Trainee: 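This is the structure, below, for whatever I ask next.
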Amino acid sequence: MIYLKRPQELARMQEGGRILASVMEDVHREVRAGVTPQQLDKLARRGIRAHGALPAQLGYRSYPASICVSPNEVVVHGIPDDRRLMDGDIVSIDFAVIYEGYYVDMARTYPVGGVSPEAMHLIEATREAFWRGFAQIQPGNRVGDVSHAIEQYLRAEGLFAVRDFVGHGIGRSFHEEPDVPNVGEAGQGVPLRVGLALAVEPMVTLREPRVEILEDGWTASTGAGNLAAHYENTVALGVDGPICLTEGAEHRP
Ligand code: MF3
Ligand code: CO
């Protein structure tokens, strides 16, 4: 079942998206060598609540924290621990909030201090892959157009779209239909209609995209040395065209 949102509902999601983006920026400011993922989690949880929102991930399927912090080769779902981030690491931060009954979801990958040129390319190309997908959020297009644009761009950059995790519909629930894979066929899949809200989230690796789940049951890792990045926004097709609901102070470069 696909739930299309009325303009008033999308407006609420946009308010939640502003809160999410601003807490993400607060977390970003604290990303530096020496900080621990648990410190970032605490900061985010407080910030979310201070804005009158709820941390959507805390307790979701028994997940033990408010944010996912995924360093280096961890693709998604890293559980915040007390190991300090180090200069040269990259770190993906992924979290969602519930505001006035609506979910919004967002992820970014940040460099910690100075990182290698290939790590920086991975981060920047993952962001650009999102925007290539976003450009396909148009009436008459289908989900496959979004997936295909992301896949094609990443392939041209010599990078790999992870297949084991996908983007998703979002709104009254965290994960709604349809799935939004990061690989796919143009012209296929669910039509993009006004009111459709999606979390579009390329997850990208430097080398082959195989992912394994570690013993904690959450951490999704590529294995040693194969860095991963993640860039996610909640987007919608509004009556006046595509909207990025989780855009903060940062904008498309
Ligand atoms: N934010 C993730 C997503 O994009 C879901 C994380 S589930 C959690 O769908 F339990 F780890 F929080
Ligand atoms: Co998501």
Side-chain angles (χ1 to χ4, degrees), residues 3-31 39-60 63 65-70 76 80 91-110 123 126-131 133-138 146 167-176 180 192 194-202 229-253:
Y3 299 97
L4 300 176
K5 283 84 187 171
R6 296 185 298 273
Q8 188 194 30
E9 296 180 279
L10 291 181
R12 281 194 194 158
M13 289 179 74
Q14 189 151 30
E15 282 182 47
R18 283 196 198 101
I19 292 169
L20 176 54
S22 93
V23 177
M24 181 68 83
E25 262 318 298
D26 293 342
V27 172
H28 182 193
R29 272 193 292 276
E30 296 304 317
V31 169
Q39 288 170 332
L40 300 177
D41 181 60
K42 194 171 177 184
L43 174 79
R45 190 169 57 249
R46 288 184 175 166
I48 292 163
R49 291 190 171 138
H51 284 93
L54 294 170
Q57 296 186 161
L58 188 61
Y60 175 79
Y63 185 76
S66 297
I67 71 175
C68 297
V69 181
S70 304
V76 288
V91 63
S92 302
I93 311 281
D94 180 13
F95 62 107
V97 305
I98 310 167
Y99 184 71
E100 293 187 359
Y102 290 86
Y103 289 75
V104 281
D105 192 0
M106 178 178 186
R108 294 289 184 269
T109 302
Y110 300 118
I123 290 173
T126 303
R127 176 182 58 201
E128 181 62 21
F130 164 82
W131 287 108
F134 183 76
Q136 297 297 318
I137 308 278
Q138 296 292 340
V146 176
H168 48 94
I170 184 166
R172 282 277 182 194
S173 306
F174 197 168
H175 299 108
E176 296 184 357
V180 185
L192 304 178
V194 169
L196 187 64
L198 301 172
V200 176
E201 48 179 319
H230 187 191
Y231 196 99
E232 172 180 30
N233 284 308
T234 300
V235 309
L237 188 52
V239 276
D240 299 321
I243 325 165
C244 185
L245 297 166
T246 45
E247 200 57 76
E250 41 160 356
H251 283 287
R252 168 148 212 204

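For reference, positions follow the sequence shown, starting with 1. Quick caveat, the model's predicted, so the values are computed rather than measured.
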Trainee: Using the test salt bridge (charged side-chain N to carboxylate O under 4.0 Å, His left out), find all partners of Arg18 that sit at least two apart in sequence or belong to another chain.
Mentor: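 With sequence neighbours excluded, Arg18 shows a salt bridge (charged side-chain N to carboxylate O under 4.0 Å, His left out) to no residue whatsoever.
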Trainee: State the CZ-CG distance between Phe95 and Asp105, to the nearest 0.5 angstrom.
Mentor: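 Phe95 CZ to Asp105 CG: 10.0 Å, rounded to 0.5 Å.
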Trainee: Before giving the answer on ring-ring contact (aromatic ring centres under 6.0 Å, His included), spell out for His175 and Tyr60 the whole-Å C-alpha distance, their side-chain angles and the decisive distance to 0.1 Å.
Mentor: CA-CA 11 Å; His175 299 108; Tyr60 175 79; 5.5 Å; yes
Trainee: Tell me whether Lys5 contacts the main-chain N or O of Ala11 through its side chain, where contact means a donor paired with an acceptor under 3.5 Å.
Mentor: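 No, the answer is negative, given that no donor and acceptor are paired below the 3.5 Å cut-off.
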Trainee: Roughly how far, to the nearest 0.5 Å, is the CG atom of Leu4 from the CD atom of Glu9?
Mentor: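 Rounded to the nearest 0.5 Å, the CD-CG separation comes to 9.5 Å.
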Trainee: Below 4.5 Å, heavy atoms only, C-beta onward: do Leu198 and Leu192 meet side chain to side chain?
Mentor: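 Yes, at least one pair of side-chain atoms sits under 4.5 Å.
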Trainee: Keeping the roles fixed (side chain from Thr126, backbone from His230), state whether a donor-acceptor pair exists under 3.5 Å.
Mentor: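 Here the side-chain-to-backbone pair does not exist.
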Trainee: Over all heavy atoms of both residues, which pair between Leu40 and Val31 is shortest? Give the atoms and the distance, please.
Mentor: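 Scanning both residues completely, I find the closest heavy atoms to be CD1-CG2, 4.2 Å.
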Trainee: Provide the closest heavy-atom pair for Cys244 versus Gln14 in the form atom of the first, atom of the second, distance.
Mentor: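 Residues Cys244 and Gln14, closest heavy atoms: O-NE2, 4.3 Å.
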Trainee: Are side-chain heavy atoms of Val76 and Glu201 found at a separation under 4.5 Å?
Mentor: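 No - every pair of side-chain heavy atoms lies 4.5 Å or more apart.
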Trainee: Please indicate whether Phe174 has more than 12 foreign heavy atoms, meaning atoms of other residues, nucleotides or ligands, lying under 6.0 Å from its CZ.
Mentor: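 Yes, enclosed.
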Trainee: Carefully, step by step, assess Asn233 and Met106 under the rule side chain to side chain contact (heavy atoms under 4.5 Å, CB included).
Mentor: CA-CA 5 Å; Asn233 284 308; Met106 178 178 186; 4.1 Å; yes
Trainee: Give a yes or no on whether the backbone of Gly133 and the side-chain of Gln136 come within a donor-acceptor separation of less than 3.5 Å.
Mentor: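 No, Gln136 side chain to Gly133 backbone: no donor-acceptor pair under 3.5 Å.
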Trainee: Is the shortest side-chain heavy-atom distance between Glu128 and Tyr231 below 4.5 Å?
Mentor: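 Of all side-chain heavy-atom pairs linking Tyr231 with Glu128, none is under 4.5 Å.
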Trainee: What closest approach, in Å, do Leu245 and Leu10 show between heavy atoms, and which atom pair accounts for it?
Mentor: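 Looking at all heavy atoms of both residues, the closest pair is CD2-O, 3.9 Å.
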Trainee: Got a sec, which residues hit ring pair (Phe, Tyr, Trp, His ring centres under 6.0 Å) with Tyr99, two or more places apart in sequence or on another chain?
Mentor: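 For Tyr99 there are no ring pair (Phe, Tyr, Trp, His ring centres under 6.0 Å) partners, ignoring immediate neighbours.
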Trainee: To the nearest 0.5 Å, tell me how far Phe134 CZ sits from Ile243 CD1.
Mentor: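 Answer for the CZ-CD1 pair, Phe134 versus Ile243, is 8.0 Å.
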Trainee: Sub-3.5 Å donor-acceptor pair from the side chain of Thr109 to the main-chain atoms of Ile123, do we have one?
Mentor: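 Not at all, since once roles are kept as given, no pair shorter than 3.5 Å links the two residues.
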Trainee: Show the nearest heavy-atom pair for residues Pro80 and Val69, with the distance to one decimal.
Mentor: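 Reported closest heavy-atom pair: CG-CG2, 4.1 Å.
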Trainee: With side chain to side chain contact (heavy atoms under 4.5 Å, CB included) as the criterion, how do Glu30 and Val27 come out once you've worked through the C-alpha distance, each side chain's angles and the decisive distance to 0.1 Å?
Mentor: CA-CA 5 Å; Glu30 296 304 317; Val27 172; 5.9 Å; no
Trainee: From Met13 CE over to Tyr102 OH, what is the distance, rounded to the nearest 0.5 angstrom?
Mentor: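 The CE atom of Met13 sits 8.5 Å away from the OH atom of Tyr102.
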Trainee: Examine Arg172 relative to Tyr103 and say whether NZ or CZ is less than 6.0 Å from the centre of the six-membered ring and inside a 45° cone about the ring axis.
Mentor: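 Not flagged: Arg172 not positioned over aromatic ring of Tyr103.
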Trainee: Grab the two heavy atoms, one from Glu232 and one from Arg108, that are nearest each other, plus how far apart they are.
Mentor: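 That closest heavy-atom pairing would be O-NH1, 3.0 Å.
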Trainee: Can you name the closest pair of heavy atoms from Val146 and Val200 and give their distance?
Mentor: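 Minimum heavy-atom separation between Val146 and Val200: CG1-CG1, 4.2 Å.
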Trainee: For residues 42-59, tabulate all N or O donor-acceptor pairs below 3.5 Å that involve a side-chain atom, not counting sequence neighbours.
Mentor:
residue	atom	partner	partner atom	Å
Arg45	NH1	Asp41	OD2	2.9
His51	ND1	Gly47	O	2.8
Gln57	NE2	Asp94	O	3.3

